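This report concerns only the one structure given below.
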Amino acid sequence: MRVLLIGSGGREHALAWKISKSPEVTELICAPGNAGIALEPKVTILPVATADLEQLVDLAKEQKPDLVVVGPEQPLAIGLVDRLDELGIKTFGPKLKGAQLEGSKVFAKELMQRHKIPTADFGVFSQFDQALDFVKAKPGDWVVKADGLAAGKGVLMCSGVEQAEQALKQVMLDRAFGDAGERVVIESTLLGEEASCIAISDGRDILMMASSQDHKRALDGDQGLNTGGMGAYSPAPALDAAMEKTVTEKVLRPLVAGMAAEGIDFKGIIYAGIMITPDGPQVLEFNVRLGDPETQPLLMRLKSDLVPVMLAAIDGKLGSVSLEWDTRPSVCVVMAAGGYPESYQKGKPITGLGQAAKMQDVVVFHAGTSKKDNQIVTSGGRVLGVTALGDDIRQAVDRVYAATQVINFDGAHYRTDIAHRALARLS
Ligand code: AMP
Ligand code: GLY
């Protein structure tokens, strides 16, 4: 069977690596892919941008794949799945209505409120003065969130009314995130440990993936600016079996049932960003695609073929499949370009990839890479996701950092404390 994979990041390299191993797959077409994806077996790269809806539809019409897998949120938010469904092309991912779960924070919060899914108290505003009155009425720590997609940057943590006022000005008046800031969600700050709970939905049933934890801040000790994610590991001890059961029963099942009751047949990934608070799990956000970099350690642990599971989700038959996981933990460390998450340079030659690839239980997933004059060079902010399995979390961490040490490019930086929460639990 022929699969078309949309996307070009580390998540998509992990997907390509996994999908190309499926005995059912004869050809994997990736648009637009990256230099690492291009090296996987069975892969053909086609240069179509993930933001170009019409070109993606044309590509699918031309290629007639048996399955389309959409990696990032953007094509979902512009209705790619709806268009491909009209053409009778099987596509893994939610349609436009379901993709609002990530595309609009107002939609997600109001849906959670209607279906009694635990999440922080909040208000929704489209008028600056009213938003300001709201925070002034209850001084404290607030989180100001632009309603729309803002590449993970539209969430501002504010301690006190003054910071909240600045954040509201930035989002609502200065339009720092463009139209995404037309409306804002203001919610109370939750304290606890964060974890990523990722499940597959067929519109009725859900199938949990293994737990994982991301590291959003740029610097060690969870300092510095927020990023797309600087590293992740799986499993996350904070999401033990009991907590996972609570999240399934209090969040994921009511969510899928609630959407179904409102006419949304959600097929694809539901990623719940959870804060584990003393009062139990609370939802911080939903995403409608796999996490990046969480996918890299997750797929390294996944023993089952993912392709039949994605097809079962599309066909509403998730009940007939299961996922088997390697019991060994895995860790992914993101190597980023100098300057990231602020402006950074591109085109830096990368060395050591061959040596790292030979290391035991290590896979180097590419994110922002491309090929220039027969050499692999940097072409994005997050450049590589170096990932390793170990007999225990300590060994996985040691292996991953041994691999990052043999890889070099000008300006490379990465966090040296990925999985610190899991390691702290060992002592
Ligand atoms: P979001 O995109 O909504 O998940 O927000 C990005 C990050 O902001 C989360 O991963 C959290 O670290 C933080 N965050 C969002 N909402 C809250 C909240 N209500 N309380 C504390 N931290 C939050
Ligand atoms: N790693 C966070 C995200 O994918 O949104």
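Quantities reported herein were computed from a predicted structural model and do not represent experimental measurements. Start at 1 and go down the list; that is how both ligands and their atoms are numbered.
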Per-atom contacts, ligand 1 versus [X] - under 4.0 Å to a heavy atom:
X      : result
Lys216 : 10 (O)
Met275 : 21 (C), 22 (N)
Lys145 : 3 (O), 15 (C), 16 (N)
Met157 : 13 (C), 14 (N), 21 (C), 22 (N), 23 (C)
Glu187 : 16 (N), 17 (C), 18 (C), 19 (N)
Val143 : 16 (N), 17 (C), 18 (C), 19 (N), 20 (N)

So Ile274 and Gln282, do their side chains get closer than 4.5 Å, heavy atoms only?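 Side-chain contact under 4.5 Å: no.
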Is the shortest side-chain heavy-atom distance between Gln170 and Leu156 below 4.5 Å?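 In short, these two side chains touch, coming nearer than 4.5 Å.
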Rounded to the nearest 0.5 Å, what's the gap from CD on Glu12 to CD1 on Ile19? Could you check?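 CD1 of Ile19 is found 10.0 Å from CD of Glu12.
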Output the list of atoms in ligand 2 that are nearer than 4.0 Å to some heavy atom of [X], sorted by atom number.
X      : answer
Gly291 : 4 (O)
Asn287 : 5 (O)
Tyr271 : 1 (N), 2 (C), 3 (C)
Gly228 : 1 (N), 2 (C)
Arg289 : 3 (C), 4 (O), 5 (O)
Asp214 : 1 (N), 2 (C)

Quick one: closest heavy-atom pair of Leu59 and Ala31, and the distance?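 So the minimum-distance heavy-atom pair works out to CD2-CB, 3.7 Å.
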Identify the protein heavy atom lying closest to [atom], giving its residue, its atom name and the separation to 0.1 Å.
atom                    : value
atom 17 (C) of ligand 1 : Leu284 CD2, 3.4 Å
atom 21 (C) of ligand 1 : Leu190 O, 3.3 Å
atom 2 (O) of ligand 1  : Glu285 OE1, 3.0 Å
atom 10 (O) of ligand 1 : Glu194 OE1, 2.6 Å

For ligand 1, which part of Val155 has a heavy atom less than 4.0 Å away: the side chain, the backbone, both, or neither?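 The part of Val155 near ligand 1 is the side chain, not the backbone.
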Please work out, at 4.0 Å between heavy atoms, whether the side chain, the backbone, both, or neither of Glu285 comes within that distance of ligand 2.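 No part of Glu285 comes within reach of ligand 2.
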Under 4.0 Å, heavy atoms only, figure out whether ligand 2 is touched by the backbone of Arg11, its side chain, both or neither.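 Arg11 to ligand 2: no contact under 4.0 Å from either part.
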Indicate yes or no: does [X] engage [Y] in a salt bridge with an N to O separation below 4.0 Å.
X      : Y      : value
Arg415 : Asp417 : yes
Arg183 : Asp147 : yes
Lys216 : Glu285 : yes
Arg328 : Asp361 : yes
Arg425 : Glu193 : yes

Is ligand 2 less than 4.0 angstrom away from at least one heavy atom of Gly229?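 In this structure, Gly229 fails to qualify as a contact of ligand 2 - no heavy atom is under 4.0 Å.
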Going by heavy atoms, is Gly273 under 4.0 Å from ligand 2?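 False for this residue.
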Please state whether the rings of His13 and His366 are parallel, tilted or perpendicular, taking 30° and 60° as the class boundaries.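 Plane angle over 60°, so perpendicular.
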Compute the shortest N/O to N/O distance between Ser188 and ligand 1 and return yes if it is under 3.5 Å, no if not.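 Min N/O separation from ligand 1 is below 3.5 Å for Ser188.
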More than 12 foreign heavy atoms under 6.0 Å from CD of Gln345: is that the case here?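 No, CD of Gln345 has 12 or fewer neighbouring heavy atoms, counting only those of other groups under 6.0 Å.
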Other residues, nucleotides, ligands: >12 heavy atoms within 6.0 Å of Lys250 NZ: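 At most 12 heavy atoms, drawn from other residues, nucleotides or ligands, come within 6.0 Å of this atom.
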So is Lys105 touching ligand 1 or not, going by heavy atoms under 4.0 Å?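 It does, in that a heavy atom of Lys105 comes within the 4.0 Å cut-off of ligand 1.
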May I ask you to check whether Tyr271 and Phe286 place their ring centers less than 6.0 Å from one another?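 Not close enough - the centres of the two rings lie 6.0 Å or further apart.
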Do Ser159 and Asp141 meet the criterion of a side-chain donor-acceptor pair at a distance under 3.5 Å?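 The answer is no; no qualifying pair exists.
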